[in-house]
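Note that this is a predicted model, so its numbers are computed, not measured. Sequence lines set the chain letters: A, B, ... in the order given, protein chains first and strands last, and positions in each chain run from 1.
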2 protein chains.
Amino acid sequence: MRTGRPRSFDRDEALERAVTVFWQHGYDATSVSLLTGALGIGAPSLYAAFGDKKKLFFEALDRYNRTYGSFTVRALAEEPDARAAVERLLHDASVAYTRPDRPPGCLLITAATNCSPQSADVAARLREIRVQARTALQQKIAGAVRASSVPAGTDSRALAAFYAAVLQGMSAQARDGAARADLRHIADAALLAWPATA
Amino acid sequence: MRTGRPRSFDRDEALERAVTVFWQHGYDATSVSLLTGALGIGAPSLYAAFGDKKKLFFEALDRYNRTYGSFTVRALAEEPDARAAVERLLHDASVAYTRPDRPPGCLLITAATNCSPQSADVAARLREIRVQARTALQQKIAGAVRASSVPAGTDSRALAAFYAAVLQGMSAQARDGAARADLRHIADAALLAWPATA
DNA sequence: ACGATTCTATATCGATCGCTAGAGATATGT
DNA sequence: ACATATCTCTAGCGATCGATATAGAATCGT
């Protein structure tokens, strides 16, 4: 059927605003009243359109991964060389984490670092995504080791953990007020730790 | 005077437990009922002994800085050489962030990364401490540049930001389940980025 | 022993949390 | 025009938040 009074707001636009609010304050600290205020709608409209707060967060998370957070998978997928992929990953992060019109840092990293026990599943989901991204990086490096574009004996797990930590550190520094150039310097310093191809 | 019924619990022990709870869940997600449960006392006793939740947190923060978090200032103060200080800083962090009987990571870094607007002052205080630590590291490096134990032209601000980011990344990795050896590997990789003394 | 003082235990307080029932508003199908 | 369906608005649900009033328990000084 699908008749009746039409929705008075743009669902996609509301979801985009929800992304920003969750990005800024994290999952727990984002109250429903904060959301309704930012989205410009009433609570019943929010629940009718998105289910509940948790479903809205996960939908916003998906949207984030497809937009602002997609540079990570793109770097790994589009750059054949592992070194070039990591370089692009770090440089893109320095840009993505310091967009003037967006909250600083990374939603995946900051949205549920400390949360109440009843939202432990949200934290677990975000951690799952981070671990998955770190594993993808590790496999990229391991492939480069097999292809001898990276020195044999390189610990792909350790190297992936290092660059994952650098990304998380860059997000934290951005949250602490670091400028885009600061993050770029951090990225460049981290690239000096890439195993020498001597 | 100081007469009347004596306190039925050890205030220091209660404060130590409060450190652990705030370390684990962060400031916002730690409810007063969670605290009274962990401390084994009633709410009125907590308020009589510590003032309110915020004062208790700041007192727990001071205690953390004097105990678990003191390795940072010690490394900078006790190691004359800047390179050795950073090496010790990172290695000590890999141990401090993965104590089996303590929450993973660093309280200063994780306790207020995402918090509600009404506890913005808590987040600001923690950020202040982090920035101060980063500045101390920067000055240590700048002194080494002047003493020529680090190559001239080294950007002390950028290098300090890099190692600050690595520490924050190590804390995040510990929170994500990384083992002590994993953090050690991250620390070792980060040390490869130290400016060559050629 | 007894008053003075301080702590603890019970039972809340008002505010806010995530969430929703019920009534009125606005569209479509006939 | 009218029935039907969906959305929006107001108001408020039970639960939990941080914090406290009150009364009884425990200790000290005299």
How long is the line joining [atom1] of [X] and [atom2] of [N], in whole Å?
X	N	atom1	atom2	answer
A:Leu35	C:dC19	CG	P	11 Å
A:Ile41	D:dT6	CD1	P	18 Å
A:Arg11	D:dT6	CZ	P	16 Å
A:Asp10	D:dC7	CG	C1'	15 Å
A:Gln118	C:dT16	CD	P	19 Å

When you check the phosphate oxygens OP1 and OP2 of D:dA26, does a side-chain N or O of B:Ser8 lie under 4.0 Å from one of them?
->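 The answer is no; no side-chain N or O of B:Ser8 sits under 4.0 Å from OP1 or OP2.
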Distance check: side-chain N/O of A:Ser33 vs OP1/OP2 of C:dT16, anything under 4.0 Å?
->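 For C:dT16, OP1/OP2 do not have a side-chain N/O of A:Ser33 under 4.0 Å.
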Take the C1' atoms of the five end pairs on each side of the helix from C:dA1-D:dT30 to C:dT30-D:dA1, get both axes, and report the angle to 10 degrees.
->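 Terminal axis comparison yields 0°.
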Is there a path from [X] to [Y] through hydrophobic residues (I, L, V, M, F, W, Y) whose side chains come within less than 4.5 Å of each other?
X	Y	result
B:Val19	B:Val122	yes
A:Leu90	A:Val150	yes
B:Leu34	B:Leu39	yes

Just say parallel, tilted or perpendicular for the rings of B:Tyr68 and B:Trp23, cut-offs at 30° and 60°.
->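 Plane angle between 30° and 60°, so tilted.
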Do B:Lys53 and B:Tyr27 meet the cation-pi criteria used here (NZ or CZ under 6.0 Å from the six-membered ring centre, within 45° of the axis)?
->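 The answer is yes, since B:Lys53 meets both limits relative to B:Tyr27.
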Checking A:Arg7 against A:Phe9: charged group under 6.0 Å from the ring centre and within 45 degrees of the axis?
->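 Here A:Arg7 passes the 6.0 Å and 45° test against A:Phe9.
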Choosing from C:dC19, D:dG18, C:dT8, which nucleotide comes nearest the side chain of B:Phe9?
->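 Of the options given, the side chain of B:Phe9 lies nearest C:dT8.
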Heavy-atom donor-acceptor pair, [X] side chain to [Y] backbone, under 3.5 Å:
X	Y	value
A:Arg175	A:Gly105	no
A:Asp182	A:Ala179	yes
B:Arg102	B:Thr20	no

Starting from the 5' end of DNA chain D, give me the residue, A:Arg7 or B:Thr30, whose nearest nucleotide shows up first.
->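 Nearest-nucleotide comparison on DNA chain D picks A:Arg7.
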Take atom CD of A:Glu78 as the centre, draw a 6.0 Å sphere, and report whether it contains more than 12 heavy atoms from other residues, nucleotides or ligands.
->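 Count over threshold, so yes.
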A:Lys54, A:Arg66, A:Arg11 screened by salt bridge (Lys or Arg N to Asp or Glu O under 4.0 Å) with A:Glu59, the one that passes |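 Only one of A:Lys54, A:Arg66, A:Arg11 forms a salt bridge (Lys or Arg N to Asp or Glu O under 4.0 Å) with A:Glu59, namely A:Arg11.
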Can you name the atoms? Protein N/O to nucleotides 25-27 of chain C N/O, anything below 3.5 Å, with the distance.
| from | atom 1 | to | atom 2 | distance (Å) |
| --- | --- | --- | --- | --- |
| C:dA25 | N3 | A:Arg5 | NH1 | 3.2 |
| C:dT26 | O4' | A:Arg5 | NE | 3.4 |

Listed in order of residue number, which residues of residues 44-54 of chain A have a non-hydrogen atom at under 4.0 Å from DNA chain D?
->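 Under 4.0 Å from DNA chain D: A:Pro44, A:Ser45.
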